[in-house]
Amino acid sequence: MRLLHTSDWHLGRSFHRVSLLDAQRAFLDHLVATVEERAVDAVLVSGDIYDRAVPSLAAVEMFDQALYRLADLGVPTVMISGNHDSARRLGVGSKLLGRAGVHLRTDPRECGTPVLLDGAGSGGQVAVYGLPYLEPSLVRQTLGAEGTGHTAVLRAAMDRVRADLATRPAGTRSVVLAHAFVTGAEVSDSERDITVGGVASVPASVFDGVDYVALGHLHNCQSITERVRYSGTPLAYSFSEAGHPKSMWLVDLGPAGELTAERLHCPVPRALARLRGTLQELLEDPAYEQHTEAWVEATLTDAARPHDPMARLIKRFPHTVSLVFAPEREETDDGRSYAVRLKGRTDRQIAEDFVGHVRPGRRAAPEERDMLGEALEAVRVAEAAEPDGSAASAVSRTGPAAGPTTSGQHAAAGNGPGAREGHREVAR
């Protein structure tokens with residue numbers, strides 16, 4: 001029995017506001033072609049068909065067309081809902097679709113009801129069990145779980161699988177689709193957190209007793225064990241996935257449950273590149289020429305924020321979609337305490353140093369130093385004039401005192417001449 005394992009299509013998702021609809025259509029074309037060319041007996045899709053609970057019309061139409069093409073090939077397809085999907089919406093029409101060979105498993109109550117694939121000539125039937133994403137707080141009572149977390153509800157679901165499997169003829173092979181975070185797997189930046197009670201992962205041993213476990217949820221293709229695997233996403237959905245080839249698993253399940261798996265790579269619409277350096281380095285270094293057609297995340301290390309960096313980067317890298325500022329500054333901490341470092345310095349010097357600290361590479365300009373001086377002088381005069389030493393009212397009436405505050409706010413928010421570390425811009 002030859003199975004094609006894929007998951008996490010996230011139809012309708014964009015990449016840093018760039019539409020991926022064309023790339024997703026190209027993947028589905030590749031999927032259908034692979035089913036034909038490699039004589040696949042069944043397709044397994046392990047959740048997160050859509051990126052949103054209420055997907056766009058374009059995403060729904062794309063999904064509809066994919067189902068039609070798979071059904072037209074006469075190849076059974078088994079799908080489960082993921083944590084991004086609306087299980088109830090995705091499951092509408094599931095019984096009708098099942099007659100066409102497209103089996104949607106979105107109801108937790110059906111965990112123990114398999115799709116039976118005829119394995120004539122390949123060792124008898126294969127029972128395929130679809131475990132949709134199981135939100136513990138919503139399905140605990142339905143499944144009769146003894147605990148409140150992901151492990152408890154998955155154990156309860158697998159108890160139903162094993163109970164049904166025990167009633168099947170000897171030699172029946174078993175496959176489970178699940179949408180979960182299994183302990184030991186590698187994560188990326190593009191998965192939605194499913195942590196419950198501080199614990200998101202479940203042990204792989206939860207799935208003991210079945211011949212193959214087709215996992216979804218995590219976006220990197222990986223093997224937890226020989227029989228427990230993630231296919232990952234067919235496309236990259238974050239820069240953390242740069243350098244991670246996107247693929248599907250072609251799984252051959254032998255008559256006695258023996259298993260071989262081949263990793264099939266998916267088409268790459270555009271490479272990802274994470275570049276780091278000063279703006280001048282990124283614009284002039286010949287080594288970066290290979291990335292001119294890639295989607296680029298640029299991290300600028302200039303001590304001072306350059307003028308109009310995104311527009312300048314796009315001239316060389318037209319597909320720059322993310323800009324991060326991480327200024328590299330000289331280490332000034334010489335081990336002395338804060339109090340010792342301030343000793344002997346005036347209030348004005350301390351204030352000027354602060355401006356340079358929050359705005360790396362650009363110390364206070366002469367006019368800014370004058371404003372700081374005027375503000376500090378206003379405070380000194382007010383303190384001398386007020387019996388209780390409070391300067392609040394006097395400062396509020398002093399025009400120049402408002403200047404440094406506004407400048408500091410802009411610097412801190414990344415709107416002024418210097419941005420804070422980690423400030424990010426996205427191409428509009």
Side-chain angles (χ1 to χ4, degrees), residues 3 5-9 42-50 76-91 94 98 102-117 126-168 172-183 185 191-192 194 196 199-218 224-225 227-232 249 251 253:
L3 309 170
H5 169 200
T6 177
S7 73
D8 295 272
W9 294 353
V43 177
L44 312 177
V45 188
S46 301
D48 281 354
I49 311 299
Y50 294 118
T77 300
V78 184
M79 298 179 163
I80 61 172
S81 51
N83 60 304
H84 279 249
D85 300 309
S86 166
R88 295 184 66 180
R89 283 190 176 90
L90 187 63
S94 59
V102 177
H103 305 277
L104 289 167
R105 288 293 186 263
T106 63
D107 188 341
R109 294 171 297 184
E110 298 180 346
C111 287
T113 304
V115 176
L116 297 175
L117 303 179
V126 176
V128 181
Y129 299 87
L131 312 186
Y133 171 67
L134 302 172
E135 176 60 40
S137 62
L138 300 179
V139 304
R140 178 190 174 193
Q141 292 185 343
T142 300
L143 295 175
E146 296 180 356
T148 59
H150 287 283
T151 300
V153 295
L154 271 172
R155 284 193 197 282
M158 284 302 301
D159 286 344
R160 295 190 176 200
V161 169
R162 295 187 186 96
D164 179 84
L165 192 57
T167 68
R168 303 290 166 184
T172 299
R173 293 162 291 172
S174 55
V175 173
V176 167
L177 284 72
H179 197 84
F181 177 12
V182 175
T183 304
E191 296 107 4
R192 181 180 295 171
I194 59 171
V196 174
V199 178
S201 63
V202 301
S205 60
V206 165
F207 302 105
D208 286 352
V210 296
D211 293 308
Y212 183 67
V213 181
L215 292 174
H217 179 56
L218 298 187
I224 307 303
T225 71
R227 296 182 181 273
V228 180
R229 299 172 186 260
Y230 284 98
S231 65
W249 288 112
V251 177
L253 199 57

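Atom set for the values below is all heavy atoms of this structure, side chains included, hydrogens, waters and symmetry mates excluded.
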- Item | Criterion side-chain contact (heavy atoms from CB on, under 4.5 Å) on T172 and L165, from CA distance to verdict | CA-CA 8 Å; T172 299; L165 192 57; 4.3 Å; yes
- Task: To the nearest 0.5 Å, tell me how far I49 CD1 sits from L90 CG.
- Result: 6.0 Å
- Qualifying residues under side-chain contact (heavy atoms from CB on, under 4.5 Å), relative to T225, sequence neighbours excluded: R227, V228
- Return the set of residues passing side chain to side chain donor-acceptor pair (under 3.5 Å) with Y212 (not counting sequence neighbours), or none when no residue passes. H5
- Message: A side-chain contact here means heavy atoms from C-beta on lying under 4.5 Å apart; do I80 and H179 qualify?
- Response: yes
- Taking the side chain as every heavy atom from C-beta outward, state whether V126 and V175 have any atom pair closer than 4.5 Å. yes
- According to the interplanar angle, ranging from 0 to 90°, do the rings of H217 and F181 count as parallel (below 30°), tilted (30 to 60°) or perpendicular (above 60°)? tilted
- Item | Main-chain N/O of V45 paired with S7 side-chain donor or acceptor, under 3.5 Å | no
- Selection residues 103-115 - residue pairs positive for salt bridge (Lys or Arg N to Asp or Glu O under 4.0 Å), sequence neighbours left out: D107-R109
- Please check if the side chain of D48 supplies one atom and the backbone of H84 the other of a donor-acceptor pair under 3.5 Å. yes
- Going by heavy atoms in the side chains, are P132 and C111 under 4.5 Å from each other? yes
- So do P108 and L134 actually touch side chain to side chain, heavy atoms under 4.5 Å? yes
- Kindly indicate whether the side chain of F207, heavy atoms from C-beta on, has any atom under 4.5 Å from the side chain of V182. yes
- Item | With sequence neighbours excluded, residues passing salt bridge (Lys or Arg N to Asp or Glu O under 4.0 Å) with R168 | D164
- Message: Show the nearest heavy-atom pair for residues Y129 and P114, with the distance to one decimal.
- Response: CE2-CB, 3.5 Å
- Message: I'd like to know if the side chain of D8 and the backbone of G232 have a donor-acceptor N/O pair within less than 3.5 Å.
- Response: no
- Item | Set of residues satisfying side chain to side chain donor-acceptor pair (under 3.5 Å) with respect to T77, sequence neighbours excluded | none
- Query: Is a side-chain N or O of D211 found less than 3.5 angstrom from the main chain of S174, in a donor-acceptor match?
  - Reply: yes
- Are V115 and L117 close enough that some pair of their side-chain heavy atoms sits under 4.5 Å apart? yes
- Item | S46: partners by side chain to side chain donor-acceptor pair (under 3.5 Å), with sequence neighbours left out | none
- Message: Checking Y230 now: which residues fulfil ring pair (Phe, Tyr, Trp, His ring centres under 6.0 Å) with it, not counting sequence neighbours?
- Response: none
Identify all side-chain donor-acceptor contacts of residues 152-162 below 3.5 Å with residues at least two apart in sequence or on another chain.
{"residue": "R160", "atom": "NH2", "partner": "T142", "partner atom": "O", "Å": "2.9"}
{"residue": "R162", "atom": "NE", "partner": "D208", "partner atom": "O", "Å": "3.0"}
{"residue": "R162", "atom": "NH2", "partner": "V206", "partner atom": "O", "Å": "2.6"}
{"residue": "R162", "atom": "NH2", "partner": "D208", "partner atom": "O", "Å": "2.8"}

- Query: Short question: side chain of R140, backbone of G147 - any donor-acceptor pair under 3.5 Å?
  - Reply: yes
- Distance, nearest 0.5 Å, that separates NE2 of H103 from CG of L177: 12.0 Å
